[in-house]
Amino acid sequence: MKNYRLQLMVCAGTACVSNHSLEIKEALEREIKNHNLENEAQVVQTGCNGFCGAGPILVVQPDGIFYQLLKVTDVKQIVEEHLIKGRPVKKLLYTPPEEKTPIPKLSDIPFFAEQTLIALRNRGLIDPENIDDYIARGGYKALAKVLTSMTPDEVLNEIKISGLRGRGGGGFPTGVKWESCKKAHGDEKYVICNADEGDPGAFMDRSIIEGDPHSVIEGMIIGAYAIENVKQGYIYVRMEYPLAIKRFQIAINQAREYGLLGQNIFDKGFDFDIEIRRGAGAFVCGESTALMASIEGKPGEPRAKYIHTVEKGLWDKPTCLNNVETWANVPQIILRGGKWFASIGTGDVSEDPWGGSKGTKVFSLAGKVNNTGLVEVPMGITLRDIIFRIGGGIRDGKKFKAVQTGGPSGGFIPESLIDLPVDYEELTKVGSMMGSGGMVVTDEDNCMVDMAKYFLAFTQAESCGKCIPCREGTKRMLDILEKITAGQGTEEDLVLLEELSNAIVESSLCALGGSAPNPVLTTLKYFRDEYEAHVKDKKCPAHICRQLNTYKINEKICLEIGHGCDVCKKYCPDGAIIGERKKVHYIDPAKCGKCGACYDVCNFNAIYIE
Amino acid sequence: MEYNATEVAKKIAARWGNKPENIIEMMHDIQTELNYLPKDVLYEVSKFASVPISKIYNIATFYNAFSLKPKGKYKICVCMGTPCHALGAPRIVSALERELEIKCGDTTKDMKYSLEITGCVGTCGLAPVVVINEDLYGPVQVSGVQKLIKKYDSK
């Protein structure tokens with residue numbers, strides 16, 4: 001391999017690509033050629049860098065100079081100033097909110113400095129479409145170690161010592177799952193990678209696949225070897241992630257070419273191959289039995305798990321299903337040892353596999369937080385550290401209200417519990433859950449009743465319809481929430497909501513229904529005052545529930561700044577706006593349907609909510 | 001769009017080994033090629049893959065990704081992930097409904113645009129996000145919706 005003085009790592013994750021990072025890459029290559037620097041500087045497209053809110057991102061190595069929010073027009077300056085004269089371009093560097101001095105180095109930026117990377121160890125450092133990059137960073141070394149010097153039992157034991165638990169949300173100990181599958185009768189078994197990351201607000205798995213697909217594949221091969229009698233693996237990816245599907249396919253093809261998948265791997269008489277199956281837009285397929293039904297070409301309906309999938313899973317054969325992040329942790333555990341992994345995190349897993357949360361967890365931090373993106377942190381870190389130190393606090397200096405973890409199955413955690421350590425058991429105790437790792441921050445402008453309604457609408461639409469508590473129960477809950485947000489709720493409704501929630505939790509067939517009421521239960525518990533404001537005062541404190549708002553026009557702004565532009569009148573579906581061009585406009589409260597269209601379309605912010 | 005139902009079904013079923021368990025993948029490929037799942041092609045693929053047509057309709061109506069109705073040339077999907085919702089996605093939907101003069105889920109009369117909501121597309125750093133065919137936009141603002149559609153009007 002050729003040595004370059006400088007390496008320009010351009011982020012090619014979905015978020016950066018949609019903001020034209022590939023055009024930036026081309027422009028860099030063009031400009032480098034124009035200055036005859038081809039032998040000194042190399043442009044590399046990498047997987048997701050993680051700091052998605054700052055994209056498109058460029059990191060110049062070996063110094064790790066971090067450029068953000070780039071445009072194609074910035075490229076010339078970077079090449080001329082930084083590459084030739086050695087002076088990083090100040091205005092393109094990251095500057096923390098409310099500060100003036102930029103931080104040039106990636107490793108000094110708080111967002112990155114506070115993270116511990118295991119599953120994401122290669123992020124931004126390799127070209128995910130090139131297997132050689134992965135190998136150069138120690139990739140497939142764990143597989144070589146396993147196949148040449150470890151028995152399947154030794155591999156399993158290492159995973160058990162590590163205390164690794166399912167990163168898809170359930171937190172089931174991986175070693176226990178592998179062992180049960182290994183012990184199950186049958187000479188034909190399967191491993192599956194669950195990449196049906198359906199939780200809204202979660203994008204860790206997408207980033208791992210897009211940035212480092214081989215780490216998942218390597219983990220699966222090791223798992224297949226440890227469980228034994230596994231010749232076929234499946235990766236089930238949701239179709240909303242086209243780039244992830246593409247990169248997985250490239251990675252599988254390359255691994256086959258290198259003899260890492262297929263017949264007689266490493267000449268050890270071990271055969272294993274992987275195929276991709278695309279999801280079809282059904283959230284419930286993230287549930288293991290539904291996912292397996294979908295791979296079999298059936299509608300993705302879950303079944304009761306009296307018999308576990310490790311005994312009767314895909315095609316009724318023993319099947320071991322793990323999440324993307326779980327698989328991606330496996331090679332590092334093999335290389336660095338289960339003990340090392342178990343030294344990170346909380347609790348003690350040497351006796352009880354459920355005794356603690358070990359290693360790191362990747363979270364996708366999004367919503368009303370300054371630094372949105374992907375963070376990998378040791379288990380046991382507090383929510384405050386994640387949101388305020390890594391996340392840089394709340395946008396626009398607003399007040400923090402709650403953080404939502406675990407997607408539609410999780411709950412809202414209020415400010416009073418923000419010092420809670422991130423750990424499977426701790427999060428469950430307060431009514432939420434670890435979930436796959438979505439972490440959505442809300443501020444004072446968000447209405448908690450509306451957020452609960454949002455999640456209920458989601459689970460209700462995604463309920464597969466097989467069992468009645470989930471199909472009918474979530475529908476009735478949604479009806480009540482709609483009634484409340486429309487200002488027609490009563491105090492009895494709140495009691496009914498709680499009763500219904502408990503009934504659904506108790507009696508649903510799968511985890512989708514069993515956890516669907518969590519967003520409602522936690523908001524009722526921690527933000528009851530907001531529900532009461534909707535029900536008793538018929539007001540939405542955050543002004544989100546439009547039917548409870550009263551829209552008014554500020555006459556001064558309308559006339560003096562907007563000059564009576566008449567746009568609101570054009571868009572009002574109820575004919576409630578009185579006035580003509582160049583004159584002041586009014587809203588007729590008797591006719592106003594409270595849709596808020598006028599509020600949205602006014603270019604002068606002349607319309608306000610009373 | 002002109003197509004030969006038998007040819008399309010035969011080609012796609014063969015790509016997946018005519019195996020009944022791969023029916024979902026075949027349906028994906030049909031939809032990618034023809035923009036929706038036409039009845040005649042489904043009947044043909046049912047023969048090649050040996051899957052009863054009733055089962056194919058069961059799958060087509062179960063999964064959100066499949067459509068039995070033709071879609072517009074440009075499929076506008078507003079992301080309904082949590083961060084997008086928290087940052088105002090419902091307002092983007094209303095703005096698009098006003099701009100295109102259709103309701104969410106419908107297609108314009110000239111078959112140019114379909115408006116839909118979609119599950120989280122996983123680019124939460126850019127919320128609120130709108131996806132038009134393969135192009136992803138974000139953060140989208142209510143005031144920018146008109147300009148966004150104009151880009152496609154001339155195409």
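Each chain gets a letter, A, B and so on, in the order the sequences are listed, and its residues count up from 1.
Across all their heavy atoms, A/Val369 and A/Arg395 have their closest contact at O-NE, 3.1 Å. Taking both residues in full, the closest heavy atoms of B/Val121 and A/Tyr241 are given as O-CE2, 3.5 Å, listed atom of the first, atom of the second, then distance.
More than 12 heavy atoms of other residues, nucleotides or ligands sit less than 6.0 Å from atom CG of B/Asp40. Within a 6.0 Å sphere centred on OH of B/Tyr137, other residues, nucleotides and ligands contribute more than 12 heavy atoms.
Relative ring orientation between B/His28 and B/Phe66 is described as tilted, the plane-to-plane angle lying within the 30° to 60° band.
The residue among A/Arg546, A/Met204, A/Gln404 with the most heavy atom pairs within less than 4.5 Å of chain B is A/Arg546. For the options A/Ser294, A/Ala282, A/Pro408, heavy-atom pairs under 4.5 Å to chain B are most numerous at A/Ser294. With chain B as the partner, the residue from A/Asp450, A/Asp205, A/Ile544, A/Val441 showing the most heavy-atom pairs under 4.5 Å is A/Asp450. Most heavy-atom pairs under 4.5 Å with chain A, from the set B/Ile23, B/Val145, B/Leu126: that is B/Leu126. Counting heavy-atom pairs closer than 4.5 Å to chain B, the top residue among A/Gly279, A/Pro573, A/Gly373 is A/Gly279. Taking chain A as the reference chain and counting heavy-atom pairs below 4.5 Å, the highest number among B/Ala127, B/Cys120, B/Pro139 is found for B/Cys120. The greatest number of non-hydrogen atom pairs below 4.5 Å with chain A, out of B/Gly125, B/Gly119, B/Gly122, B/Gly81, is found for B/Gly122. Among B/Thr123, B/Thr82, B/Asn64, B/Val129, the residue with the largest count of heavy-atom pairs under 4.5 Å with chain A is B/Thr82. Interface remark: of the candidates A/Gly198, A/Pro299, A/Cys52, A/Pro299 forms the most heavy-atom pairs closer than 4.5 Å to chain B. Ranked by heavy-atom pairs under 4.5 Å with chain B, the first of A/Glu296, A/Arg277, A/Met451 is A/Arg277.
Neither the backbone nor the side chain of A/Leu243 comes within less than 4.5 Å of any heavy atom of chain B. With a 4.5 Å cut-off on non-hydrogen atoms, A/Ser364 does not touch chain B at all. Of the atoms belonging to B/Thr61, not a single heavy atom falls under 4.5 Å from chain A. Contact of B/Ala86 with chain A is made through backbone and side chain together, with heavy-atom distances under 4.5 Å. If you measure heavy-atom distances from A/Cys464 to chain B, the contacts under 4.5 Å come from both the backbone and the side chain. Residue A/Phe455 touches chain B through its side chain alone, counting heavy-atom pairs closer than 4.5 Å. Only the side chain of B/Glu99 has a heavy atom closer than 4.5 Å to any heavy atom of chain A. Contact annotation for B/Lys19: neither backbone nor side-chain heavy atoms come within less than 4.5 Å of a heavy atom of chain A.
With hydrogens and angles ignored, the 3.5 Å screen pairs a side-chain donor or acceptor of A/Asp196 with a backbone N or O of A/Gly286. Between the side chain of A/Asp396 and the main chain of A/Lys398, no donor-acceptor pair closer than 3.5 Å is present.
Figure legend: B/Arg98 and A/Tyr571 shown as a cation-pi pair, the cationic atom lying under 6.0 angstrom from the six-membered ring centre and within 45 degrees of its axis.
Taken to the nearest 0.5 Å, the CD1 atom of B/Ile56 stands 4.5 Å off from the CD1 atom of B/Ile53.
For the 3.5 Å distance criterion, the side chains of A/Asn549 and A/Lys594 fail to qualify, holding no donor opposite an acceptor. B/Asp135 and B/Tyr152 are linked by a side-chain donor-acceptor pair at a separation below 3.5 angstrom, with hydrogens and angles left out of the test.
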